[in-house]
Structure formats: structure tokens, C-alpha cells
Amino acid sequence: MAEVPEKPTLDGLEARWQERWASDGTYRFDRTHDRAAVFSIDTPPPTVSGSLHMGSVFGYVQTDCIARFRRMRGDQVFYPMGWDDNGLPTERRVELYYGVRCDPSLPHDPAFEPPETPDRKRPVPCSRPNFVELCLRRTVEDEQVFEALWRQVGLSVDWDLTYTTIGPKAQRASQRAFLRNLARGEAYAAEAPTLWDVTDQTAVAQAELEDREQPGAYHRYAFRPVGGGDPVAIETTRPELLPACVALVCHPDDERYRALVGTTVTSPLFGVEVPVHTHELAQPDKGTGIAMICTFGDLTDVIWWRELDLPVRNILERNGRLRAEAPAEITSDAGRAAYAELAGKTTKQAQVRIVELLSEAGELQGEPRAITHPVKFYERGDRPLEIVTSRQWYIRNGGRDADLRTALLDRGEALHWHPGFMKTRYDNWVGGLNGDWLISRQRFFGVAIPLWYPVGADGTVDHAAPIISDEASLPIDPSSDVPPGFRADQRGEAGGFIGDPDIMDTWATSSLTPQIACGWEDDPDLFDRTFPMDLRPQGPEIIRTWLFSTVVRSHFEHGHLPWTDTSINGWILDPDRKKMSKSKGNVVTPVDLLERHGSDAVRYWAASARPGTDTAFDEGQMKVGRRLAIKLLNATKFVLGLGEGVTDIDPAAVTQPIDRALLARLADLVEDATDAFAGYDYARALERTEAFFWTFCDDAVELVKGRAYGSLGPEAAASAAAALQLSLSTLHRLFAPFLPFVAEEVWSWWQEGSVHRAPWPDAAALRSAAGDADPLVLEVATAALTEVRRAKTTATRSLRTEVTSAEVRDRPDRIAALRLAADDLRESGRIASLDLVEVPDSALEVVVELAAPEPA
RNA sequence: GGGCGCAUAGCUCAGCUGGUUAGAGCGCUGCCUUCACACGGCAGAGGUCAGGGGUUCGAGUCCCUUUGCGCCCACCA
């Protein structure tokens, strides 16, 4: 127990208590408890390659408030922290940070060091192992920065329970889960048209797409019917894909083109003969009503290609440039000459050139018509996605299987959503899936697909018969590890083997955070005590990725949900950029704000935002939070200074009606806050606690402080002191989840142990101490005191001014209640003569006569 | 095109299952340097609860509708 300081301050609290919590193991998970006593939280592993911004602090603080509440309420809280460090974001960061580029064809160079001064325009190529080594080096440093921030903001995670998504535990779990998916037929490989990012040269999944409005133009040109007749015009935004055209399509009911259906037409410039088909998806009112199908311009092309059983005429390389070789179907010299003009160009360059060619050939009808239209992008990319055909790994997710989809929708139904309306996003997403989950990526820094393939005597790779590692050997890297039954020198040789070159998408690992954190298969004892978990807190934007994919994996592996509840935080709205960073010239970072306002103040802002509600970034709220923390210091100092000092608080000493009324109000507060917290509504709990605290300071303390100093004798003083101390003890604990630093500080002045391990206040005990208290006593006394203050303020006199006489008029029941607090009112109002008058059906009225001012 | 959310004081937001004169904080104005607190305190001004209709004894709260904003989804030639 510490002394109450002479001059309480918030300065230095963060550093002091952070260190103390670490050395005392205040938040250590005790794994001797069984599942029923444990509350386990599937904390979002932040992407460490990203920048620290207030959005992260916002959500994590809200979760921490819940965690602290559960811990105080007696749950054994399992609160680990992961770092999401694998995947493309880290590769990007490393490329820029070190000025390097991964070239998997290079051999490992043990002496490789990145350039002293990175030249981003001319990155230095390095081998895949060297590149991965740099990624690991960088992420370790990033993770330290994140951990420091989380400690500073006071997250009560158990820092012994950290994991990374590139670490061996995560690699083992994701490879094991993948192999089991494969064994059960839930994972499969397929050669199929795939959305492809030409910058990063990797496939991307449906969940990582976003639409962006882009300028484009309709270009109009015509195909010539082989059997003669009028040319048939089409309109397209992708004229450069003309050499990849495999058919035209119109709606089956479209009279205009009926005669053409079943015939063939030839393309302009290239003279390739293609059939005319019908399909329901062709829209008569779009363009000319008849469209060219290319392999592949967009996802509709893929549907048409599949359903109309069309051939592939591929002209696009994986780097987004047109192939050097013209498609075999272009046979004419003129056609091949035209294609040669396009070969090697990007789609954008090719579009410019083909429009010139069409125009020169007189094939272009009219001027291109400018439009804006939505185009699919990889969410982290800056060039439109193309569609290329490639061999990829998929995990089933209901996108092609109605039964599975229904089962996953049912899982969403069984999950408890906070707030409930967020479930709609899940339903929309699952209901709108149009393909399985593509998990393979043609990248370097990630968990490898744990497979090899036999290479036949003729040198061909047999993808249909993968060589599978046993689970005990995981994690493996098929690019360096040798499969059972083979020698290292057989890699890539006839009769040997070859490793799958791909890695898994980061979500294929992140979707297993409950399994990774809880020690799935690695630590069965821990797993039994923590899984399935209780809570998944996260942002709304990753319901379709992280939340959904986690449900999918758990559904397959365990046959139930990975957690019972999910809380979805809101979004931070940038209030107005003009006011913040720009004009003042300083970008606001979390660290900056934490240092300026203090951790408790920033937490107060975050915890004030209701669950799932978008919130404006508001430094004003942080100032309010800081003021609240300071008030807590001062109010505590004052109450602890009353009377004889504090030993044990004796609830039975609370005898005065107004003191008991205070305890009754306190019991109400505890019930409110507890109910709110139990429903994951931390913001409501904070709001109630704060509102009570201010009236406690302004009114309750003011009313009873004279008596507490002994003006009405020792018993009355003891009653006031006990009631105030009981209130204080309760308030310290109610504030602890929100303002952990200041709450710990004030608690330490008069209590043993950490407030964060203290029991959550018990409403029933307070209720019993309050006995048959009439809440009106406190209510009317407060109202009357406010009126007396008002009279003094209106007269522009000091609150110290003596009141020669005051007459309080109110309803009989209220006057009766006030009579029980008359002495306290007289003293706090400095009232010489107090009259209480019963007036039926009247509202409170106080007539005050002030003492004459002192002569100047 | 479908869906979700939001719209309450100048600003940021409460108002949970409909119930007496609609609340808080910030900001603003005034007063008070009170023996916990000037990193204060006390008090005051300020609102046709987005518009329209309906249910009800009674609607900020429920239903319908219009408008505006944010977000999600959709096959985007």
C-alpha cells in the first residue's frame, strides 16, 4: 500500500504500472482452470507491415475493456496476441525498405546484404531464401514496435502468449489443416481462369477484390457474316482483346440477331471465324445487344466460356503483356501482321495501337464513346485485374455447393453477433459467393503448400498424384525439403520430384488463429481449456475474409463454430482532414496522441464509442478522458483524507438515510454496468459509471463532507466516511477496465494487490448495506442544494456566502425525505435557518435569503 | 439493382422492451481563486428529435414512405 501523494498526477503512470504489471504477471493466463472457467479471446493479429493508426487502437482498446471486465468478474482470461506478418504486405514493405526484389531463380547467397541506400527504382535482385530472411528480419522489428504500443495503451494481453503467422506453430497448423482439407476433399487443385494481379503476378481471391470506377470507352466495330449479309456491330471496352475473341453472344429472345444465331462471323483485322451463340446473360439493351466473348475480358466471359463450352484463345502473359506469338487461329498474313503490332505491349498500350489499326483499316465505327464503369482491382493493387488460366489450389466454401453454403449460413446464424445487424454482412457475403476460395499465391513470403509432385521418366510433372508429407514432419518447405523416399539430387530430374512452388494466401493461415493460439494438436491440454473460444473481436471490413474463413476452417476440422460470440467494432471517420494534420503540419499517430493525452484518455475516447458504431476521431473526447482521470485522482485523495483514515470499510457503519440512499444508487449503477458489459456494451458501462461519478463528486461528497469531518458526531461521521469509501472502492473497480492506469494508481493508495485482479463490485452486497434506503433522500437533497447554489450564482456571490434563511417547498413525500438529510443540506449550503414546507402537487421551489455582502 | 446502418442542441453523441416539462460532454456566456481538484468548480443560454403519412389514450422511440449520408453485395460486353 502506498501513501496518498501530496499532489497527485498522471505523469509517469503508464511507465510505472506497465512495468509493474509485467513483473507481477498481472495478466498471466493460469492454465490450470478448465474450459468453463476460461474466457478466451481470439485477438486479431495486426498486420505488422502496416502503419500504426488510430483505427487499430480503437478496436483493441474496446476488446481490452471486455477482457478486463471478465477477468475481474472471475473468469480466467486467455488473451493472446498474434502478429500477422506473412504475405504480400510484408513483401511490399521489404522491397521498399531494403530496395530489393525477389528473383526465385537465383541461388541462395549466404553473404547477401541489401544495399546501403535503397534505390526503389532499381531494386537489387536476391534469391528467395535471402528475401525471406529479410522479411523475417523486418517483421521482428515491426513486431517490437507494435508490442510497445499495445503495452503503452494498456492492453492486458498475456505477452507470453504471442504467435506470428509466419512462425513455425502457424506454419505447422496451416499445413496440417490444409493436408486434412485435402484428405477430406475440401481442398483441391484446378486449372481454371483466375483473377490475376499483373503487378504482383499472383492469383487473388474473390474476398480480396474491390470495384473501382474507372474511365473507359465503348469502341464499336463489326464482324462479317461468313454466309454474307450485313456486318454485325459490337461495342466493347476492351478492343485489344479482339484477337482473343472466341464467339459472339446475344439474348435468345433478341429478334434482331435471330438469323445469325448458329452461323459464324469473321473478326475485323484478324479474320478469325467465330460462332454466334445465345445466352440469358446477354443484355439486349447494352451496347448493340450482341457482345464479343474473349478469353478472358471479365467474369461474364468466364461464365459464357464455361457454359457455352468455348475454346481458350489466350493472348495475355502473366505479366499483363500480350504474348509474342499470335494465336494459331489467326492465319492470314494481314491478321498476323496486325497481331505483331500488339505483341509484347501491355493491355493499355495494345488498346491504343489496336484502335489506330482499326481506324486505319476503316473498321472503327464512329468515335470511341467515353464512359465510367466499375473495374475489378486487387484491394492492394493499382492496376486492373486480368483473368489468366492457371493451376491453383482451392478450399471449398459453399461458392459451388448449395448444401455447404447452407451449412455455413447456419453457422453464422448460431454465432452471437454484437451488434446483431452485422450478421447481415456475413449472410450477404456467403449468399453471394460465386466460386470456391482460392488459397494459392505465386509469391514467396508465406506458408508453403506442403506438397511435392512426382516427375515422370519423360520429365512431365504429375500434378494429380501429389506426394504428401506426414503430419509429424510439419512444417515443411517443399522448395528445400526432400519428400520421403527421394534424394535431394532428384529434385527436378526425370523420375524425381518437384516441390509445389506456391505459398498459401495469408488468410489461409489467419483463418486458423483460434487453432494456432489454442495449441491445436501441439498442446492438447491447452486446447481443451481454451477451444472453442468465446470471443472474436474484429472490424466489419474483414467479416468476409477473416471471420468467414475462420468459420469455414473450423466447420471442416471440428464440426462447430470456432467461437460463440463475435463483436464487431465500428469504423473511425476522419472528422475533417483540414483541421487535423494538414494545417498544423503534423500527422497524428497513436504514439503521439498517447503521449499528448495519456493512455487512459485515449482509451476513454475509444471506449466511448458504442459497439459497431462508426465514430468520429475526436481529440476533444480525449481531453474529457484526461480530465476524468485527474478528477479520479483528486476525489480519491479527498475521500481517503476524511475521518480517521481508512482501515476496513464496515458496511454496517452506514446508518444515515442519505448515505444509504447513496449505496442504493451505487447498487443500481453496478447492476447497469454489469449488464451492459455482459452484453458486450462497454460504452454503456462507461457512460453510466462516469455519470454517477460526477454526481458523486459534485453532490454526494459535497452534501456529506461537513458531517464526515465530524460536525454531527462520530457515528454520523463514520457513516459518511464508510459510504464514501464504499463508493470509492466500487468506482475504482468500475473504472478499471477503461482507465487501467489511473485506476491502478488510486487503488494502490489504499488497497492491496492490483485493482485488475480485484473482484468486480457486487450489487447485492451494496443493496444489502443500503437496507431499506429511500433514494428520494439523496435526490431531493441534491436538487435543493443545486437550487441554493443557483441562488448564489444568480446573485453573483461566492458559493461560500452564508444563507441567512432558506425555505424549501415540495410535495409532502419529498419533504419527508429531505427532512432526513436536513442537517447535511444546511451545512453544505451554509444555511443558518432552514424551513421545509409541504406543498401538495408542487414542484421543488427554494426561496433563499443571502447574508449581506461584506463591506468592501 | 439488392441489402445494412445512420439522420436528436453550433460540434460529438446518449436516449435499451413507446409513458410526466427531450439528456450528456465539448464549445459558448456568466459567476466563483471554496481548507480534493485552475490539468478546476458552480450555474446559464441553446433542440418544430431530417420531411410526410399511419398505429396508439400517448411516438425521438413502433409501421409505411420520401430525402440525404456512409458502408456492403451484384454477371461490370
Side-chain angles (χ1 to χ4, degrees), chain A residues 4 7-11 210-211 213-214 216 218-219 234-238 241 248-249 279-283 286-294 297-304 371-376 419 421-429 431-434 540-541 543-544 570-571 573 575 598 605 608-610 612-621 623-624 626-642 672 675-676 679 681 683-684 687-688 690-691 694 697-698 701-702 705 709 785-786 789-801 830 843:
Chain A
V4 179
K7 188 80 183 162
T9 174
L10 297 179
D11 296 339
E210 67 184 30
D211 285 352
E213 282 294 329
Q214 295 288 306
Y218 277 121
H219 301 78
I234 61 99
E235 285 196 341
T236 179
T237 55
R238 302 288 307 270
L241 294 180
L248 299 191
V249 64
H279 194 278
E280 298 286 342
L281 284 181
Q283 294 179 33
K286 207 157 206 175
T288 61
I290 188 162
M292 77 172 181
I293 304 174
C294 304
D298 62 27
L299 290 173
T300 318
D301 280 342
V302 177
I303 295 170
W304 281 329
I371 56 159
T372 40
H373 61 154
V375 176
K376 291 210 182 299
F421 65 80
M422 287 291 183
K423 184 175 93 70
T424 309
R425 295 193 184 216
Y426 179 93
D427 292 343
N428 283 350
W429 177 252
L433 287 168
N434 52 31
E541 76 283 6
I543 290 174
R544 67 178 184 174
W571 201 241
L573 305 174
W605 160 73
S608 300
R610 312 206 89 76
T613 302
D614 294 347
T615 308
F617 173 81
D618 187 2
E619 286 200 56
Q621 280 295 99
K623 292 188 178 134
V624 174
R626 185 173 178 85
R627 197 178 62 139
L628 174 63
I630 291 168
K631 188 78 174 176
L632 195 56
L633 289 175
N634 287 313
T636 301
K637 173 175 189 270
F638 178 66
V639 170
L640 296 184
L642 291 173
D672 268 4
D675 289 351
D681 193 349
R684 188 184 176 87
E687 182 197 59
R688 296 303 162 99
E690 187 190 7
W694 285 106
C697 292
D698 296 346
V701 171
E702 290 300 322
K705 83 178 173 190
Y709 275 127
L785 178 61
T786 299
R789 283 176 187 149
R790 194 197 321 276
K792 293 178 183 179
T793 301
T794 308
T796 68
R797 300 285 297 280
S798 159
L799 290 180
R800 260 188 185 167
T801 307
R830 294 170 177 264

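Owing to the predicted nature of the structure, the values given are computational and were not obtained by experimental measurement. Residue numbering restarts at 1 for every chain, and letters A, B, ... go by the order of the sequence lines.
- Taking the P atoms as reference points, B/A14 lies 16 Å from B/G25, given to the whole Å.
- Contact annotation: A/Tyr426 does not reach the phosphate of B/G3 (side-chain N/O to OP1 or OP2, under 4.0 Å).
- Straight-line distance between the P atoms of B/C4 and B/C64: roughly 11 Å, to the nearest whole Å.
- Listed nucleotides: B/C26, B/G70, B/A36. Nearest to the side chain of A/Glu702: B/A36.
- Across all strands shown, A/Gly432 has heavy atoms under 4.0 Å from sugar-phosphate atoms exclusively, and none from any base.
- In this structure, of B/C72, B/C35, B/A77, it is B/C72 that holds the atom nearest to the side chain of A/Asn428.
- Residue A/Ser608 is classed as having no contact, given no heavy-atom separation below 4.0 Å to the nucleic acid.
- Side-chain nitrogen and oxygen atoms of A/Lys631 include at least one within less than 4.0 Å of the OP1 or OP2 phosphate oxygen of B/G41.
- Nucleic acid contact class of A/Trp304 (heavy atoms, under 4.0 Å, all strands): base.
- Remark: B/U12 base-pairs with B/A24. Criterion, Watson-Crick or G-U wobble with two distances under 3.5 Å.
- Side-chain nitrogen and oxygen atoms of A/Thr793 include none within less than 4.0 Å of the OP1 or OP2 phosphate oxygen of B/C32.
- Residue A/Val701 is the one, among A/Val701 and A/Glu541, whose nearest nucleotide of RNA chain B lies closer to the 5' end (criterion: closest heavy atom).
- Residue contacts for A/Arg626: at a heavy-atom cut-off of 4.0 Å it reaches a base atom on one of the strands shown.
- Contact annotation: A/Arg627 side-chain N/O to B/A38 OP1/OP2 distance is not under 4.0 Å.
- Put simply, the side chain of A/Thr615 does not reach to within 4.5 Å of the side chain of A/Gln621, judged on heavy atoms.
- Under the Watson-Crick or G-U wobble criterion, with both distances below 3.5 Å, B/G30 is paired with B/C42.
- The partner of B/G68, taking Watson-Crick or G-U wobble pairs whose two distances both stay under 3.5 Å, is B/C6.
- Pairing of B/G60, defined by two Watson-Crick or G-U wobble distances under 3.5 Å, is not identified with any nucleotide.
- Here, B/U20 and B/G54 have their C1' atoms 25 Å apart, quoted to the whole Å.
- Residue contacts for A/Arg684: at a heavy-atom cut-off of 4.0 Å it reaches a base atom on one of the strands shown.
- With B/C35, B/C71, B/G3 as the candidates, the nucleotide lying closest to the side chain of A/Arg830 is B/C35.
- Across the C1' atoms, B/G60 and B/G51 are found 15 Å apart, a figure rounded to whole Å.
- Using a 4.0 Å heavy-atom criterion, one finds that A/Asp301 contacts no nucleic acid atom at all.
- Here the side chains of A/Asp698 and A/Glu702 are not in contact, with every heavy-atom distance at 4.5 Å or above.
- When the side-chain nitrogen and oxygen atoms of A/Arg789 are compared with OP1 and OP2 of B/A43, one or more of them lie within a distance under 4.0 Å.
- The side chain of A/Thr796 lies closest to B/C31, out of B/A77, B/C31, B/C75.
- Under the 3.5 Å distance criterion, the side-chain polar atoms of A/Lys792 are matched with a main-chain donor or acceptor of A/Thr801.
- Close to B/A38, at under 4.0 Å from its OP1 or OP2, lies a side-chain N or O of A/Lys7.
- Set against B/G15, B/C4, B/U34, the side chain of A/Arg800 has B/U34 as its closest nucleotide.
- Looking at the side chain of A/Val624, the nearest of the listed nucleotides B/A77, B/C13, B/G25 is B/G25.
- The side chain of A/Asn634 contributes no N or O atom lying less than 4.0 Å from OP1 or OP2 of B/G40.
- At whole-Å resolution of the value, CZ in A/Arg425 and P in B/G5 are 10 Å apart.
- As rounded to the nearest Å, B/A59 and B/G2 have C1' atoms that lie 30 Å from one another.
- Open room surrounds NZ on A/Lys623; 12 or fewer heavy atoms of other groups in view lie less than 6.0 Å from it.
- Taking side-chain N and O atoms only, A/His373 has a distance below 4.0 Å to OP1 or OP2 of B/A77.
- Each of A/Asp672, A/Asp681, A/Asp675 was checked for a salt bridge (Lys or Arg N to Asp or Glu O under 4.0 Å) with A/Arg688, and the lone residue meeting it is A/Asp672.
- Within the nucleic acid shown, A/Val375 comes within 4.0 Å of at least one base atom, counting heavy atoms only.
- The minimum heavy-atom distance linking A/Asp298 with A/Thr300 is given by the pair OD1-N, 2.9 Å.
- Side-chain atoms of A/Thr424 lie closest to B/G3 of the nucleotides B/G15, B/G3, B/C72.
- A/Asp681 comes within 4.0 angstrom of nothing in the nucleic acid, heavy atoms only.
- A 3.5 Å limit on both hydrogen-bonding distances identifies no Watson-Crick or G-U partner for B/A77.
- Within 4.0 Å of A/Cys294, counting heavy atoms only, lies no atom of the nucleic acid at all.
- Here the side chain of A/Cys697 is nearest to one of B/G25, B/A14, B/A36, namely B/A36.
- Nucleic acid contact class of A/Ala282 (heavy atoms, under 4.0 Å, all strands): base.
- Rounded to whole Å, the P atom of B/G19 lies 35 Å from the corresponding atom of B/C72.
- With the nearest nucleotide of RNA chain B identified for both A/Glu690 and A/Thr613, A/Thr613 has the one nearer the 5' end.
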